[in-house]
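Dumping the structure here so I can ask a few things about it.
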Amino acid sequence: MSKVATRFAPSPTGALHIGGVRTALFNWLFSKNQKGTFHLRIEDTDKERSKDEHKIQIIKSLKWIGVEHDGEEYIQSTKINDHIKIVDELLKNGNAYKCYCTTEEIEEQKKRARQKKLPYIYNRKWRDLSQAEVPKDIKPVIRFKSKIDGTTILKDLVQGDVEIENNTIEDFIILRNDGTPTYNLSATVDDHQMKMTHIIRGDDHKINTFKQMQIYTAMKWDLPQFAHIPLIHTIEGKKLSKRDNASTLDDYSKIGIMPDALRNYLLRLGWSYKDKEIFTIDESIKYFDLKGIGKSPSKLDMSRILSMNEHYIKSIEENDLYNQLLQYCELFKEKIKTDKESKLKSSLSFLKNKAKTLEDIYNNAKYIISDEVELSQEDFKLIDENAKKIILDFSKKFSALENLTKETLETIINDLIKSYKTNFKGVGQPLRIILTGSKFGPGIYDIIISLGKIEVEKRLNKLV
RNA sequence: GGUCCCUUCGUCUAUCGGUUAGGACAGCUGGUUUUCAUCCUGCAAAGGGGGGUUCGAUUCCCCCAGGGACCGCCA
């Protein structure tokens with residue numbers, strides 16, 4: 001068998017959604033596992049809706065998650081002449097015909113079918129009509145002469161044998177009356193010319209596969225293998241669409257989900273390898289197979305995505321984490337100044353413990369990232385006269401401190417707790433508020449040590 | 001309505017006829033923790049229903065029910 005080649009063929013009509021990303025990922029993994037190639041085809045034949053910016057966005061998204069295609073991207077719109085050539089051949093060898101039905105005529109038929117509650121299928125009116133009766137004023141469409149008798153079996157690599165009656169497939173249009181080819185024709189010709197060996201795509205394409213198989217057969221082309229993967233459903237159990245929120249890659253990256261985490265999540269959504277949950281890229285290539293793909297649709301679960309992300313935050317190298325944080329903040333929050341680097345880096349060890357996302361890290365590290373502490377009125381109220389005294393007292397003792405460690409700080413705090421007859425909260429909370437502007441956040445010792453002596457003094461002095 | 005697909009804890013899933021039906025996430029206990037977390041214990045939680053086949057079915061077959069996808073001169 002020839003070298004495995006797969007493709008992902010999105011239409012650039014919007015941001016890539018997560019189902020598409022998973023399809024791309026599966027195609028990519030399968031090809032890499034088989035030491036084959038993975039290609040990207042941009043199906044931009046719908047000129048109204050296709051946008052270059054979407055194409056760029058799609059490529060960027062795939063790259064973000066680690067899926068890179070081999071070779072140049074294949075632009076479908078540049079191949080239209082090839083597609084039309086095949087339509088001509090199909091016409092010549094008797095596998096297609098011109099249909100002169102008007103849209104009104106077709107609409108009428110559909111309406112009638114609806115009224116009778118019958119499934120609409122084109123009545124094949126022009127299939128056997130002779131050319132002599134052709135109306136002059138109507139531009140025809142070209143329809144494929146679909147099989148009427150018998151059944152067809154699709155040997156699906158995921159779903160097994162799927163058999164349908166041929167007459168449930170109508171004589172579908174392959175060339176519009178404006179002379180442009182339609183999806184099923186173009187996709188088939190492209191897949192053949194690109195020498196695709198495996199077509200892995202969403203389950204919603206299954207009916208197209210039956211149509212496309214007939215084109216392959218009519219053209220005497222070798223059939224590729226097909227695999228239809230179950231769709232990703234929303235939590236309500238419906239097909240995920242672009243309109244759903246949290247459906248595009250951007251929705252995840254902007255809240256600080258890291259590419260590896262999302263990749264790992266998507267990999268395990270509808271696919272499994274024993275009990276293994278965490279896969280590096282190399283491992284996923286090594287273990288990926290079509291057999292491991294489940295047959296039932298799976299629901300998107302945000303808490304799993306978050307937890308996967310949390311796992312990666314905790315387990316990747318801190319340098320790597322820092323770089324991802326840097327990129328994330330620049331893209332979605334604010335650019336981190338270079339002089340904050342060492343403070344931030346050394347704080348990562350405790351910051352990451354309370355973060356599920358990069359956004360969480362950013363929020364908890366805000367007191368380091370921004371120079372000015374913003375106190376909300378509400379928080380400010382928590383600093384009463386007594387608290388002020390504590391802070392001033394702390395400030396005095398703190399200034400006398402020679403080396404800043406948890407132990408030395410602990411002594412000071414404990415002293416304060418004793419002399420003011422309060423508890424840890426009584427001392428810790430006002431300090432935390434004055435230093436970070438928030439009641440919540442990292443441990444007070446972590447905060448003080450991460451800020452350093454000078455910065456702490458600066459912030460404490462603001463109270464005076 | 002027609003065609004096709006699917007059905008194991010709330011969720012993602014393991015099981016290739018024999019298991020106390022396993023793991024992970026979420027949930028809930030308890031412990032550690034000077035906030036919140038982290039970390040560590042533990043608990044609870046599933047084979048849609050009905051028929052077969054079989055010594056034995058979650059696993060194989062059939063029926064039903066439920067859910068989903070598709071039914072464009074979009075891709």
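So that the names make sense, note that chain A is the first sequence line, chain B the second, and so on, each numbered from 1. Just so you know, these numbers come straight off a predicted model, no measurement behind them.
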Whole angstrom is fine here: how far is it from OH in A:Tyr445 over to C1' in B:U33? 12 Å

Nucleotide nearest A:Lys239 when distance is taken to its side chain, options B:A14, B:G68, B:A69: B:A69

C1' atoms of B:G72 and B:G27, separation to the nearest Å: 46 Å

Looking across every strand, which nucleic acid part, if any, lies under 4.0 Å from A:Gly202 by heavy atom: base, sugar-phosphate, or nothing? nothing

For the backbone of A:Ile391 and the side chain of A:Ser395, can you confirm whether one donor and one acceptor N or O come within less than 3.5 Å of each other? no

Is it true that A:Glu277 and A:Arg304 make a salt bridge, defined as a side-chain N closer than 4.0 Å to a carboxylate O? yes

Tell me whether the side-chain N/O atoms of A:Thr45 come closer than 4.0 Å to OP1 or OP2 in B:A75. yes

Rounding to an integer number of angstrom, what distance separates B:G48 and B:C28 when you compare their C1' atoms? 27 Å

Between B:A75, B:C25, B:C70, which one does the side chain of A:Ser307 approach most closely? B:C25

RNA chain B: A:Arg22 or A:Phe440, which has the more 5' nearest nucleotide? A:Arg22

Any luck finding a side-chain donor-acceptor pair between A:Thr182 and A:Asn184 under 3.5 Å? no

What integer number of Å spans the C1' atoms of B:U58 and B:G1? 34 Å

With rounding to whole Å, what would you report as the distance between B:A37 and B:U20 at their P atoms? 39 Å

Picking from B:U7, B:A75, B:C73, the nucleotide nearest the side-chain atoms of A:Lys110 would be B:C73

Using a 4.0 Å heavy-atom cut-off, does A:Ile207 contact any base of the nucleic acid, only the sugar-phosphate backbone, or nothing at all? sugar-phosphate

Using 4.0 Å as the upper bound for N to carboxylate O, is an ion pair formed by A:Asp204 and A:Lys239? yes

What is the base-pairing partner of B:A65, counting Watson-Crick and G-U wobble geometry with both distances under 3.5 Å? B:U7

Would you mind classifying the nucleic acid contact of A:His228 as base, sugar-phosphate or nothing, using non-hydrogen atoms under 4.0 angstrom? nothing

If you only use heavy atoms from C-beta on, which nucleotide in B:A75, B:C6, B:A69 is closest to the side chain of A:Ser296? B:C6

Candidates B:U38, B:A75, B:G68 - which lies nearest the side chain of A:Glu310: B:U38

Here's a test for you: under salt bridge (Lys or Arg N to Asp or Glu O under 4.0 Å), which of A:Arg143, A:Lys211, A:Arg127 qualifies with A:Asp171? A:Arg127

Taking the C1' atom of each, how far is B:U15 from B:A46, in whole Å? 13 Å

Record whether the side chain of A:Arg304 comes under 3.5 Å of the base of B:A24 through a donor-acceptor pair of N or O atoms. yes

Select from A:Lys211 and A:Gln159 the residue whose nearest nucleotide in RNA chain B is closer to the 5' end of that strand. A:Gln159

To the side chain of A:Asn353, which of B:G1, B:A37, B:C4 is closest? B:A37

Base, sugar-phosphate, or nothing for A:Glu48, non-hydrogen atoms under 4.0 angstrom? nothing

CG of A:Leu185 versus P of B:G72: gap in Å, rounded? 18 Å

Any side-chain N or O of A:Ser272 less than 4.0 Å from the OP1 or OP2 oxygen of B:C12? no

Could you give the NZ-to-P distance, from A:Lys425 to B:U35, as a whole number of Å? 11 Å

Any base atoms under 4.0 Å from A:Phe350, or only sugar-phosphate, or nothing? Heavy atoms, all strands. nothing

Classify the nucleic acid contact of A:Glu170 as base, sugar-phosphate or nothing, counting any heavy atom under 4.0 Å across all strands shown. nothing

Could you tell me how far B:G18 sits from B:A57 if I compare only their P atoms? Round to whole Å. 12 Å

Strictly by modelled atom types, are A:Asp203 and A:Gln159 linked by a side-chain donor-acceptor pair under 3.5 Å? yes

Distance test, side-chain N/O of A:Lys299 to OP1/OP2 of B:U11, below 4.0 Å: yes

What's the CD1-P distance between A:Ile229 and B:C4, to the nearest Å? 22 Å

Does any donor atom in the side chain of A:Ser450 or A:Tyr367 lie under 3.5 Å from an acceptor atom in the other side chain? yes

With distance as the sole criterion, do the side chain of A:Asn177 and the base of B:C73 form a donor-acceptor contact below 3.5 Å? yes

Counting the atoms with a prime plus P, OP1 and OP2 as sugar-phosphate, which does A:Asp178 contact under 4.0 Å by heavy atoms, base, sugar-phosphate, or nothing? nothing

Heavy atoms only, 4.0 Å cut-off, all strands: where does A:Val162 land among base, sugar-phosphate and nothing? sugar-phosphate

Taken to the nearest whole Å, CG/A:Asp204 to P/B:A69 is 9 Å

Hey, is the side chain of A:Lys295 poking within less than 4.0 Å of OP1 or OP2 on B:C6, counting only N and O atoms? yes

Could you tell me whether A:Gly294 contacts a base, only the sugar-phosphate backbone, or nothing, with contacts defined as non-hydrogen atoms closer than 4.0 Å? nothing

Whole-Å gap separating C1' (B:A75) and NE2 (A:His83): 13 Å

Between OH of A:Tyr265 and P of B:U13 the distance, given in whole Å, is 9 Å

Full working for side chain to side chain contact (heavy atoms under 4.5 Å, CB included) between A:Glu359 and A:Tyr328: CA-CA 8 Å; A:Glu359 185 173 41; A:Tyr328 169 77; 3.2 Å; yes

Assign A:Gly237 to base, sugar-phosphate, or nothing according to its heavy-atom contacts below 4.0 angstrom with the strands shown. sugar-phosphate

What's A:Pro10 touching, base or sugar-phosphate or nothing? Going by heavy atoms closer than 4.0 Å. nothing

On a whole-Å scale, what distance lies between the C1' atoms belonging to B:C12 and B:A45? 15 Å

Considering only heavy side-chain atoms of A:Ser303, the closest of B:A75, B:A26, B:C12 is B:A26

Rounded to the Å, how far apart are A:Lys352 NZ and B:A37 C1'? 14 Å

When the P atoms of B:A69 and B:A26 are compared, how many Å lie between them, rounded to an integer? 29 Å

Can you identify which nucleotide, out of B:C4, B:G68, B:C39, has its nearest atom closest to the A:Lys314 side chain? B:C39

May I ask you to check whether A:Phe30 and A:His198 place their ring centers less than 6.0 Å from one another? yes

Check every atom of B:U11, B:G72, B:A75 against the side chain of A:Asp301 and return the nucleotide holding the closest atom. B:U11

Measuring to OP1 and OP2 of B:U3, would you say a side-chain N or O of A:Lys206 lies under 4.0 angstrom away? no

